[in-house]
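Report on one structure; see the data block that follows.
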Amino acid sequence: MTIEEMRKGYEEEVSYQKHMLKNLGYWFQLCTAVSGIGIVSIYFFHAKNLWLNILGIVLFIFGAIGMLLFGYVGWRGQQNIKAIVDDYEKKINYLRKKMRKSPK
């Protein structure tokens, strides 16, 4: 494997990871909207309709749990991208040092 092939592979992996983080952002936004709908439902139906109030509470809880989950997964994904970039830099530096030391 050449350095160029390794660089291309790492770039593809980082691109894929960033795409997946973007998708997680969409899921986080969906959970935020669900939680917001729950809050609005709780606010408007707290004394008028018991079932809509309960539905609002359930939506709020599911939305909040989803936001926590996707927020944590996104944070871990960012750490994963940093680890991939650091690993790439370490390998490139090692290979460059090795190439300088080896006789031609």
Side-chain angles (χ1 to χ4, degrees):
M1 172 181 274
T2 66
I3 292 176
E4 190 62 32
E5 290 172 342
M6 186 172 63
R7 182 189 62 79
K8 186 175 184 260
Y10 271 90
E11 284 178 356
E12 288 176 2
E13 180 63 24
V14 169
S15 172
Y16 178 76
Q17 294 287 334
K18 285 183 178 181
H19 177 72
M20 291 296 112
L21 282 175
K22 189 176 177 182
N23 289 345
L24 284 173
Y26 295 144
W27 282 99
F28 185 86
Q29 289 176 354
L30 176 66
C31 289
T32 303
V34 167
S35 185
I37 291 169
I39 290 171
V40 169
S41 177
I42 292 168
Y43 179 76
F44 283 116
F45 299 112
H46 72 280
K48 296 176 184 151
N49 192 335
L50 178 64
W51 294 109
L52 288 176
N53 190 25
I54 292 172
L55 177 66
I57 292 169
V58 170
L59 286 175
F60 172 70
I61 290 172
F62 280 143
I65 290 171
M67 288 169 51
L68 290 172
L69 176 70
F70 290 115
Y72 176 71
V73 171
W75 175 70
R76 292 290 297 182
Q78 287 289 340
Q79 287 183 329
N80 189 31
I81 289 175
K82 289 178 186 176
I84 290 170
V85 171
D86 289 342
D87 183 57
Y88 171 73
E89 289 175 354
K90 287 179 186 175
K91 286 181 181 178
I92 290 296
N93 289 337
Y94 173 76
L95 290 173
R96 286 184 180 156
K97 286 179 185 177
K98 190 175 180 181
M99 291 176 114
R100 286 184 200 147
K101 290 182 181 179
S102 67
K104 295 182 180 180

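Predicted model, so just to flag it, every value in this text is computed and none were measured. Below, each value reflects all heavy atoms present in this structure, side chains not excepted, and no hydrogens, waters or symmetry copies.
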Does one hydrophobic cluster hold both Leu69 and Trp75, with members joined at side-chain heavy-atom distances below 4.5 Å?
no
State the CD1-CD distance between Ile81 and Glu13, to the nearest 0.5 angstrom.
9.0 Å
Do Asn80 side-chain atoms and Arg76 backbone N/O form a donor-acceptor pair below 3.5 Å?
no
If you round to the nearest 0.5 Å, how far is NZ of Lys18 from CD of Gln78?
8.5 Å
Just distance, no hydrogens or angles: give the donor-acceptor pairs under 3.5 Å from side chains in residues 25-38, sequence neighbours left out.
from  : atom 1 : to    : atom 2 : distance (Å)
Thr32 : OG1    : Phe28 : O      : 2.9

Which atom pair, heavy atoms only, marks the closest approach of Gly74 to Leu21?
O-CD2, 3.5 Å
Is a salt bridge present between Glu12 and Lys8, judged by a nitrogen-to-oxygen distance below 4.0 Å?
yes
Please tell me whether Tyr43 and Leu50 are part of a single hydrophobic cluster in this structure, the criterion being side-chain heavy atoms less than 4.5 Å apart.
no
Among the clusters formed by ILVMFWY side chains lying less than 4.5 Å apart, do Met67 and Ile39 turn up in the same one?
no
Could you tell me the separation between the NZ atom of Lys98 and the CZ atom of Arg96, rounded to the nearest 0.5 Å?
15.5 Å
Atom CZ of Arg7 and atom CD1 of Ile92: how far apart are they, to the nearest 0.5 Å?
9.0 Å
Same cluster for Tyr94 and Val85 if Ile/Leu/Val/Met/Phe/Trp/Tyr side chains link at under 4.5 Å?
yes
Please report the shortest heavy-atom distance between Val14 and Ile84, naming the atom on each side.
CG2-CG2, 3.8 Å
Do Val40 and Leu52 share a hydrophobic cluster, counting only Ile, Leu, Val, Met, Phe, Trp and Tyr and linking them when any side-chain heavy atoms are less than 4.5 Å apart?
yes
So, taking the atom named OH in Tyr10 and the one named CD in Glu89, what distance separates them when rounded to the nearest 0.5 Å?
11.0 Å
Is any NZ, NE, NH1 or NH2 atom of the basic residue among Lys91 and Asp87 found under 4.0 Å from an Asp or Glu carboxylate oxygen of the other?
yes
If you round to the nearest 0.5 Å, how far is CG of Leu24 from NE2 of His19?
10.5 Å
Pairs satisfying ring pair (Phe, Tyr, Trp, His ring centres under 6.0 Å), at least one member in residues 45-64, at least two apart
none
